[in-house]
Number of protein chains: 2
Amino acid sequence: MAATYKDIRRLTGVSLATISKYFNGGNVIHNNRVLIEQATRDLGYQVNDVARGLRSRRSMTLGVVLAELNSTFYTTIISSMEEKLREAGYGTIICDSRGSAEAEAEAIHFLIGKMVDGIVIMPVGDEVAGLAAAAARGVPVVTVDRAIANAAVDTVVIDNRAAIASAVDLLVDAGHIDIGLLAGPDAIFTMRERRLGFREAVKRHTGRLPRRTFTQPDPVSVQGGYQGLRRLLALEPRPTAVVCANYEFTVGATVAINELAADAPVPAIVGFDNLDLARIIRPRPTLVVQPVAQIAVRAAELILDRIASPFPLEPRSVVLESELVVGDPATYAFRGGQS
Amino acid sequence: MAATYKDIRRLTGVSLATISKYFNGGNVIHNNRVLIEQATRDLGYQVNDVARGLRSRRSMTLGVVLAELNSTFYTTIISSMEEKLREAGYGTIICDSRGSAEAEAEAIHFLIGKMVDGIVIMPVGDEVAGLAAAAARGVPVVTVDRAIANAAVDTVVIDNRAAIASAVDLLVDAGHIDIGLLAGPDAIFTMRERRLGFREAVKRHTGRLPRRTFTQPDPVSVQGGYQGLRRLLALEPRPTAVVCANYEFTVGATVAINELAADAPVPAIVGFDNLDLARIIRPRPTLVVQPVAQIAVRAAELILDRIASPFPLEPRSVVLESELVVGDPATYAFRGGQS
DNA sequence: CTTTCAGTACGAAACGTTTCGCCATGGGAG
DNA sequence: CTCCCATGGCGAAACGTTTCGTACTGAAAG
């Protein structure tokens with residue numbers, strides 16, 4: 001159905017080798033160039049990347065495995081990354097692991113079968129099952145957002161401890177002492193780091209470790225943030241401020257606060273990610289904002305670099321800084337002790 | 001580097017044809033089956049989909065072209081669709097056209113080169129440039145969310161007129177007469193349909209066509225919704241209610257309303273999409289909610305069906321209903337005439 | 001007037017599968 | 001005991017490229 005080099009040869013008399021050279025930017029004598037271009041137009045010819053990939057062993061396709069397609073944070077990263085990769089000529093196959101390590105391993109298997117030239121992964125847990133398989137086939141891997149225990153892969157993360165510390169600092173400055181944390185399980189890199197950062201920061205300020213933390217098993221759930229905030233508020237003494245360790249928790253906590261009885265004391269709150277949120281919620285919340293576009297761009301750079309490099313590179317690790325976007329003072333002010 | 005059939009043959013003595021049969025689920029005598037399985041394990045063998053795709057002319061990969069990866073509405077659809085497609089054994093290559101018809105055509109070109117077995121597209125405008133090329137190569141196409149003028153492709157859309165009408169009905173019932181519309185340009189199918197539905201509904205109720213509509217050239221922009229609402233409110237007489245024709249506009253309009261002076265009359269508002277929004281904004285807004293998961297599933301079904309069908313099918317069109325999720329009465333109540 | 005060399009062109013052999021046509025085997029029907 | 005048919009196996013030829021080694025050309029160098 002679709003035209004091939006052979007059709008072009010038939011129309012032009014030029015050999016396959018020369019046609020290949022033409023389509024790969026090589027030098028071709030003017031006359032042949034014109035002939036090939038004419039034939040290409042006449043036939044509506046388009047290079048078959050599958051055949052090309054088989055022979056050249058480069059599929060010009062990258063795989064992306066992410067923990068949750070339904071999360072703004074991840075899709076924003078994908079969006080920037082896809083743009084960058086396409087500019088470099090690469091297509092992007094996206095797989096959603098839905099937070100399951102098993103699905104993640106399957107996805108990697110799948111991508112290897114598709115002969116992707118590299119894999120960008122936002123890992124579910126601390127171990128990624130398919131990593132050995134990828135390494136065995138020389139498929140480079142870059143992890144994003146979450147680091148992997150002692151694996152020789154490139155990594156892009158933010159400084160999670162500093163991120164949380166900046167939130168704690170603000171709250172302490174505002175007069176809060178009893179601060180709660182709403183985070184996911186320690187099995188998740190970001191949650192563990194943020195919890196550690198939280199403890200460090202609280203200890204640094206108060207000399208004591210915090211007690212008020214709530215761990216929600218499902219990290220990417222609005223519902224979890226909702227319940228978590230309610231649990232925290234049920235504690236005695238009740239925390240006067242809460243830090244939410246990711247976007248979904250921030251949304252859930254906001255919902256819960258919205259539902260508080262009018263006379264109930266509203267806790268101060270600092271959330272995570274997604275600046276848009278700051279614009280639609282009143283009073284304007286304070287958020288730890290990650291440099292999403294940068295994360296994406298750096299990840300793309302790392303993987304492209306590694307693919308291009310003729311010899312194995314040392315594993316590299318990029319750590320980016322987050323920013324605390326301070327909202328309406330009413331949302332983080334200290335309004336006196338517990339009720 | 002990676003093992004091939006030849007390696008398996010070397011270890012087992014079984015012919016390539018039989019090995020192929022095994023990996024395609026054919027009948028293989030018990031002894032051979034065991035041998036092949038053993039060798040597969042020993043070698044860490046995995047089928048090369050690129051070679052398979054070249055020979056069998058089925059790449060088991062689908063392309064998705066969407067107008068904006070940075071839009072919850074689209075990513076939610078992608079998420080459900082990817083799951084469905086993967087279950088059927090297909091990988092998904094995602095391309096973001098960023099609202100540009102040119103990028104859209106490029107994306108289709110790119111996908112055709114990758115020998116995708118089908119393309120799901122959320123078109124930018126009323127014409128899709130690459131459609132002919134896809135048809136010429138027998139690559140089936142399904143459009144989602146937006147229909148395309150007289151093209152022989154399958155389509156999944158919602159009943160946009162009814163969707164908007166349900167919003168207008170609610171507002172009219174609440175006592176509003178002077179209702180504004182915040183929509184994007186008519187070049188976009190959904191925007192055109194929703195505007196038409198709006199006019200029809202208003203006319204049906206009031207006997208007159210509405211005058212208060214604002215068209216924002218950039219349809220997927222929060223900023224546009226923000227400006228649009230301010231423009232509408234600057235009109236004399238001022239509309240007492242506003243319908244927002246998509247998600248981004250709804251967010252933008254909400255921001256604008258949040259910024260209204262405390263004493264300024266707040267217009268009633270009905271928005272579009274993304275139920276999560278309803279949970280974090282207080283008072284709870286009224287939203288036209290599209291059946292996102294269903295849209296995705298139906299689109300996946302259509303494309304898989306068409307790929308599987310040995311003979312060309314009639315173009316099919318699926319129209320789904322949206323749902324009006326009514327929020328806090330305060331957000332749509334009529335509070336008297338214009339100021 | 002030969003030698004050399006840069007610039008191109010070409011044929012043929014890959015790349016790792018699937019698929020086609022043909023052959024061997026063996027058990028049941030006649 | 002023969003014949004048939006179902007089952008499974010095999011070799012070889014694709015699929016549409018890239019790439020390797022070789023060969024041609026004409027102009028510059030000797």
Side-chain angles (χ1 to χ4, degrees), chain A residues 1-37 39-40 43-61 89 91 110 112-117 137-139, chain B residues 1-37 39-40 43-61 89 91 110 112-117 137-139:
Chain A
M1 189 137 207
T4 73
Y5 280 5
K6 287 184 187 164
D7 297 311
I8 299 186
R9 173 174 64 184
R10 188 157 34 73
L11 262 62
T12 63
V14 176
S15 81
L16 299 185
T18 303
I19 299 171
S20 168
K21 211 180 189 183
Y22 168 80
F23 280 109
N24 287 285
N27 272 335
V28 172
I29 217 168
H30 179 73
N31 188 38
N32 281 339
R33 176 177 302 272
V34 172
L35 281 171
I36 295 175
E37 280 166 358
T40 301
L43 293 165
Y45 173 77
Q46 190 175 341
V47 173
N48 181 331
D49 282 324
V50 174
R52 176 179 271 181
L54 173 60
R55 177 59 227 236
S56 69
R57 324 182 72 86
R58 269 173 292 120
S59 68
M60 295 305 282
T61 306
F110 178 85
I112 290 177
K114 287 255 182 275
M115 300 288 130
V116 293
D117 297 334
R137 282 170 182 76
V139 179
Chain B
M1 188 139 207
T4 71
Y5 279 5
K6 287 184 186 162
D7 297 311
I8 298 185
R9 174 175 61 184
R10 189 157 34 75
L11 261 64
T12 62
V14 176
S15 79
L16 300 184
T18 303
I19 299 172
S20 168
K21 212 178 189 182
Y22 167 80
F23 280 109
N24 289 286
N27 272 335
V28 172
I29 217 167
H30 180 72
N31 189 37
N32 283 338
R33 174 176 302 273
V34 172
L35 280 172
I36 294 175
E37 279 165 359
T40 302
L43 293 165
Y45 175 77
Q46 189 174 342
V47 174
N48 181 331
D49 281 324
V50 173
R52 177 179 269 182
L54 173 61
R55 178 57 231 233
S56 69
R57 324 185 71 88
R58 269 172 294 118
S59 67
M60 295 306 281
T61 306
F110 177 85
I112 290 177
K114 287 253 180 279
M115 300 288 130
V116 294
D117 296 336
R137 282 168 183 75
V139 178

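In what follows, chains carry the letters A, B, and so on, assigned in the order in which the sequence lines appear, proteins first and then strands, with residues in each chain numbered from 1. Keep in mind that this is a model prediction, so the values were computed, not measured.
The side chain of A:S56 sits closest to D:dT19 out of D:dT19, C:dC10, D:dT17. Picking from D:dC15, C:dT8, C:dT17 the nucleotide with the shortest atom distance to the side chain of B:R57 gives D:dC15. Of the candidates D:dT17, D:dG8, C:dC10, C:dC10 carries the atom nearest the A:A17 side chain, counting heavy atoms from C-beta on.
Rounded to whole angstrom, the span from the CG atom of B:L54 across to the C1' atom of C:dC15 amounts to 9 Å. Across the protein-nucleic acid pair, B:L16 atom CG and D:dG11 atom P stand 8 Å apart, rounded to whole Å. When the P atom of C:dG16 is taken as reference, atom CZ of B:R9 falls 12 Å away, rounded to whole Å. Here D:dC10 presents its C1' atom at 17 Å from CD1 of B:I8, a figure rounded to the nearest Å. Atom C1' of nucleotide C:dG16 and atom CZ of A:R137 are separated by 14 Å, given to the nearest angstrom. If you take CD1 of A:I19 and C1' of C:dC10, they are 11 Å apart, rounded to a whole angstrom.
A close approach under 4.0 Å does occur between a side-chain nitrogen or oxygen of B:Y45 and OP1 or OP2 of C:dT17.
Nearest-nucleotide assignment on DNA chain D puts the 5′-proximal partner with A:A51, out of A:A51 and A:T18. With DNA chain D read from its 5' end, the first of the two nearest nucleotides for A:K21 and A:K6 is the one closest to A:K6.
Between A:N32 and A:V14, the shortest heavy-atom contact is OD1-CG2, 3.3 Å.
Counting atom types as modelled, A:R55 pairs a side-chain N or O with a base atom of D:dT18 as donor and acceptor under 3.5 Å. A donor N or O paired with an acceptor N or O is not found under 3.5 Å between the base of D:dT17 and the side-chain atoms of A:R52.
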